[in-house]
2 protein chains.
Amino acid sequence: MRRDIFQAIADPTRRAIIVLIALQAMTPNAIAEHFDTTRQAISKHLRILTECELVKQEPQGREIYYSLEIEKMKEIEKWLEQFKKIWESRFNQLDNLLTTIKK
Amino acid sequence: MRRDIFQAIADPTRRAIIVLIALQAMTPNAIAEHFDTTRQAISKHLRILTECELVKQEPQGREIYYSLEIEKMKEIEKWLEQFKKIWESRFNQLDNLLTTIKK
DNA sequence: AACTTTGGAAACCGGTTGGTTGCATATATA
DNA sequence: TATATATGCAACCAACCGGTTTCCAAAGTT
């Protein structure tokens, strides 16, 4: 039951759902139409995405609109930052090397 | 057996390994010392990381040094970019709104 | 009130995962 | 050459995952 965002985006169907609802909220049925699977399977994916707060629900009559919690996506970005520092510094090292050779 | 980078980083132990070897190459034994698990378990994680080319090996005598393929990490960054556009544009929308209110 | 639509929950199933234990191989070292 | 060290691989196992089928509840529609 331990959900975290990295486990949530590990599944390709869930990543596709995230992309799908990033720009506009959608109902489970509407989402399921985009995949070759049952509505119930999509419902399970939505539950996992909801559990780790990547997705929020907005009930509207008997329909429920799901949309992306875009702020939560920044957690991935945050984890990546430590590596960005490394690859940027490697660029700098390469840059320094090239400057030295030039001289 | 289909490995992809998102599945690779889904496991917390593997994420910790990635961080550990990001700055300096390490042998499986040295890596295993940092975790409360067997060397063989770490070996399996390293195999998965190697399979999806997140990690590269450098044999040196009877030891094998593992280090991070930092370029591969950019694939995650690449996938995140589509959302970065969204959260930046939301910032802009908020910005526009604030400007309008100010007027 | 009876029917339809929307969506969640439970039970089940086969495949995968992460771990352990035991073994094999290759490289040092005595 | 015999021994110790470093590592990978195979077999096994309990837990988990993603999917299906079945069922139930709530909200519209007739």
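Residue numbers start from 1 in every chain, and the chains themselves are labelled A, B, ... in the order their sequence lines are given, proteins ahead of strands. This structure is a prediction, so every number in the text was calculated from the model and none was measured. All heavy atoms count here, side chains included; hydrogens, waters and symmetry mates do not.
No hydrogens or angles were tested; on distance alone, nothing pairs the side chain of B:Arg14 with the base of C:dG18 as donor and acceptor under 3.5 Å. Between the side chain of B:Gln40 and the base of C:dG22 there is at least one donor-acceptor pair of N/O atoms closer than 3.5 Å. Side chain A:Lys44 to base C:dG8: no donor-acceptor pair is found below 3.5 Å. Within 3.5 Å, no donor on the side chain of B:Glu63 pairs with an acceptor on the base of C:dT27, nor the reverse.
Taking 4.0 angstrom as the limit, B:Arg62 places none of its side-chain polar atoms (N or O) nearer than this to OP1 or OP2 of D:dA4. One finds no side-chain N or O of A:His45 lying less than 4.0 angstrom from the OP1 or OP2 phosphate oxygen of D:dC17.
Considering only side-chain atoms of B:Arg39, the nucleotide from D:dT7, C:dT21, C:dT17 that sits closest is D:dT7. Ranking C:dT21, D:dG19, D:dG8 by closeness to the B:Ser43 side chain, first place goes to D:dG8.
If you take CZ of A:Arg3 and P of D:dC16, they are 10 Å apart, rounded to a whole angstrom. Rounded to whole Å, the distance from CZ on B:Arg47 to C1' on C:dT16 is 13 Å. We find that CD1 of B:Ile64 is positioned 12 Å from C1' of D:dC9, with the value rounded to whole Å. Nucleotide C:dT17 holds its C1' atom 14 Å from the CG atom of B:Leu49, rounded to whole Å. Regarding A:Phe35, its CZ atom lies at a distance of 13 Å from the P atom of D:dT20, rounded to whole Å. Following rounding to the nearest Å, B:Ile17 (CD1) and C:dG19 (C1') show an atom-to-atom distance of 13 Å. Rounded to a whole Å, the CD1 atom of A:Ile42 is 16 Å from the C1' atom of D:dT21. Rounded to a whole Å, the CD atom of B:Gln7 is 8 Å from the C1' atom of C:dT17.
Nearest-nucleotide positions on DNA chain D for B:Gln57 and A:Thr38 put B:Gln57 closer to the 5' end. Residues A:Gln60 and A:Ile48 each lie close to DNA chain D; by heavy-atom proximity, the contact nearer the 5' end of the strand is made by A:Ile48.
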Item checked: Working for salt bridge (Lys or Arg N to Asp or Glu O under 4.0 Å), residues B:Glu33 and B:Arg39 -> CA-CA 8 Å; B:Glu33 277 171 16; B:Arg39 178 189 56 77; over 6 Å; no
Next item on the list: Starting from the C-alpha separation in whole Å, work towards a yes-or-no answer on salt bridge (Lys or Arg N to Asp or Glu O under 4.0 Å) for A:Lys78 and A:Glu81.
Entry: CA-CA 5 Å; A:Lys78 213 169 158 184; A:Glu81 259 165 37; over 6 Å; no
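A:Gln82 CD: more than 12 foreign heavy atoms inside a 6.0 Å radius.
Residues B:Tyr66 and B:Thr27 fail the side-chain proximity criterion, which asks for heavy atoms closer than 4.5 Å. At least one side-chain heavy atom of B:Trp79 sits under 4.5 Å from a side-chain heavy atom of A:Arg15.
Ion pairing between a basic and an acidic side chain is recognised when a charged N comes within 4.0 Å of a carboxylate O; A:Lys85 and A:Glu88 show no such pairing. Salt-bridge formation is not detected for the pair A:Lys72/A:Glu77: no Lys NZ or Arg NE/NH1/NH2 atom is positioned less than 4.0 Å from an Asp or Glu carboxylate oxygen.
Using a 4.0 Å cut-off on heavy atoms, the residues of residues 18-30 of chain A that approach DNA chain C are A:Thr27, A:Pro28, A:Asn29, listed by number.
One distance of note links CD1 of A:Ile18 with NE2 of A:His45; it measures 11.0 Å at 0.5 Å rounding.
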